[in-house]
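Counting starts at 1 for both ligands and their atoms, following the listed order. Just so it is clear, the model here is predicted, and its values are computed rather than measured.
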Amino acid sequence: MKPFKIIGVLLILTSCNLKKSENIPSVDNQVYTGPIIDMHIHVDNENSLPPVVLGLCPPFSTLIESFDPQEKFEDVWNEKFGNPDCENALMSPKSYDGYLTELESQLKKHNVVAIASGSLTDITNWKSRLPEHIIPSIEFRITRDSISPDQMKTLIIENDIKVIGEISNQYAGIAPNDPRMFPYYKVAEELDIPVAIHLGSGIPGTPYMGYPDYKAKLSNPLLLEEVLKKFPKMRVSIMHYGEPFIDELITMLYHYPQLYVDIGGIQWAYPKEYFYEYHLKKMVLAGFDKRIMYGSDMIIWPKLIEHSIDIINEASFLSYEQKADIFYNNAARFLRLKK
Ligand SMILES: [Zn+2]
């Protein structure tokens with residue numbers, strides 16, 4: 001590149017930066033009260049709920065502060081949920097009916113429309129029960145779900161599916177750029193349906209909790225680079241924003257302007273001060289507040305929705321407008337919801 005061109009680019013960058021900083025809204029720490037799109041909830045059926053009540057004391061990262069491998073991790077983990085040792089533990093509902101009622105009340109109370117991922121049967125049931133609050137998404141893992149790309153295409157069209165996700169290949173040790181996924185990405189691009197890919201942490205001790213093939217290193221968002229080049233028209237959301245690979249994420253958001261993230265429960269998986277300081281604030285300061293989407297990663301505790309909302313509302317460095325973007329506007333744009 002010739003020197004005068006470099007200077008020209010620098011001038012443009014400088015003038016854009018000045019304009020942007022003048023437009024940074026003042027922080028008022030107001031609680032956001034508008035509609036919310038939750039990009040990340042899981043739906044269960046009667047048989048997939050645990051048979052006993054489980055008490056959750058967030059955050060996950062401090063639940064088991066140390067562990068002696070002479071013990072069985074699964075036992076230590078389960079004990080923590082059987083006897084939660086915190087005030088106000090989130091208790092899983094006692095029955096499936098209780099679960100449905102509690103979930104419905106959370107969605108209504110907080111004016112939430114949720115991208116719900118699960119089996120097709122469960123999603124269809126939930127959609128018919130709560131049509132105003134559920135946007136159907138089809139979960140997918142190559143080694144678990146034996147459907148061909150053509151079959152997926154048919155399922156999406158026939159069931160009015162709006163998102164392919166959660167794509168959870170990481171649990172099977174499969175990277176997002178595994179060529180086996182390419183025919184499915186092609187379907188997404190052809191149908192113009194967004195994909196939402198799990199990149200980030202599962203529960204602590206995931207490899208010892210039924211997912212021996214899970215690989216933490218596959219959380220790295222750089223693994224998506226080849227995919228975004230090969231399928232440039234595909235809308236992609238990184239669920240859990242590829243944490244903790246925050247610098248790798250920043251460079252991906254920078255170079256691939258179509259890329260979005262959902263915060264997917266990481267706000268309650270770690271102490272919130274850590275999440276704020278090293279992840280959320282970093283994404284916002286880097287200039288990507290228009291591509292961060294709210295997500296609770298609600299599993300079996302419906303009150304996690306409220307807890308997850310509170311954590312975003314309590315982030316004092318966010319303006320009301322930034323909260324509105326994270327809670328609603330960014331997801332509405334990503335999903336191309338009609339106004
Ligand atoms: Zn996930």
Side-chain angles (χ1 to χ4, degrees), residues 37-44 48 56 58-61 63 77 112 114-119 122-123 134-145 161-178 181 184 188 194-221 223-224 227 235-246 248-249 252 259-270 275 279-280 283 292-302 304-305 307-308 311-312 326 331 334:
I37 299 172
D38 188 333
M39 288 297 295
H40 199 143
I41 74 164
H42 296 275
V43 301
D44 275 300
S48 58
L56 169 63
F60 266 172
S61 70
L63 262 183
W77 178 260
V112 173
I115 306 294
S117 126
S119 75
D122 294 338
I123 295 297
I134 297 292
I135 294 179
S137 172
I138 184 168
E139 66 182 12
F140 184 61
R141 187 180 307 158
I142 300 176
T143 46
R144 180 193 62 192
D145 307 317
I161 300 291
K162 301 297 187 195
V163 178
I164 303 175
E166 183 166 17
I167 297 175
S168 57
N169 289 321
Q170 190 175 354
Y171 284 85
I174 296 166
N177 58 352
D178 188 299
M181 277 306 292
Y184 297 95
V195 299
I197 306 174
H198 172 109
L199 293 184
S201 297
I203 60 171
T206 296
Y208 307 122
M209 296 286 287
Y211 299 100
D213 296 326
Y214 184 90
K215 286 182 187 159
K217 67 180 178 184
L218 298 184
S219 297
N220 194 329
L223 293 168
L224 271 176
V227 175
R235 281 177 283 163
V236 180
S237 164
I238 302 180
M239 308 180 93
H240 318 280
Y241 63 89
E243 73 74 35
F245 294 93
I246 195 70
E248 289 82 351
L249 175 71
M252 288 299 285
L259 188 60
Y260 280 68
V261 298
D262 87 42
I263 53 179
I266 304 300
Q267 69 270 48
W268 56 261
Y270 289 93
F275 165 72
H279 290 184
L280 184 59
M283 285 188 263
I292 305 166
M293 304 185 287
Y294 166 77
S296 65
D297 201 4
M298 196 287 295
I299 323 162
I300 55 169
W301 299 275
L304 260 184
I305 293 175
H307 181 61
S308 303
I311 291 173
I312 301 304
I326 292 170
F334 176 73

field: Side-chain donor-acceptor pair present, His240, Glu166, cut-off under 3.5 Å
entry: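 Yes, Glu166 and His240 have a side-chain donor paired with an acceptor closer than 3.5 Å.
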(message) Pairing donors with acceptors under 3.5 angstrom, does anything connect the side chains of Gln170 and Ser219?
(response)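 The criterion, which ignores hydrogens and geometry beyond distance, is satisfied for Ser219 and Gln170.
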Q) Can you say whether the rings of Tyr241 and Phe275 are parallel (under 30°), tilted (30 to 60°) or perpendicular (over 60°)? A)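 The rings of Tyr241 and Phe275 sit tilted, inter-plane angle from 30° to 60°.
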Please determine if the Zn ion (ligand 1) has an N/O/S atom from His198 lying under 2.8 Å away.
->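 Within the cut-off used here (under 2.8 Å), His198 does place an N, O or S atom near the Zn ion (ligand 1).
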Report task. Kindly confirm whether the Zn ion (ligand 1) is within less than 2.8 Å of some N/O/S atom in Glu166? Result ->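 Short answer: yes, at least one N, O or S atom is under the cut-off.
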For Phe60, is the CZ atom crowded, meaning more than 12 foreign heavy atoms sit under 6.0 Å from it?
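Atom CZ in Phe60 is packed in, count exceeds 12.
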| Closest N/O/S atom of His240 to the Zn ion (ligand 1), by atom name? |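 Looking at His240, the N, O or S atom with the least distance to the Zn ion (ligand 1) is NE2.
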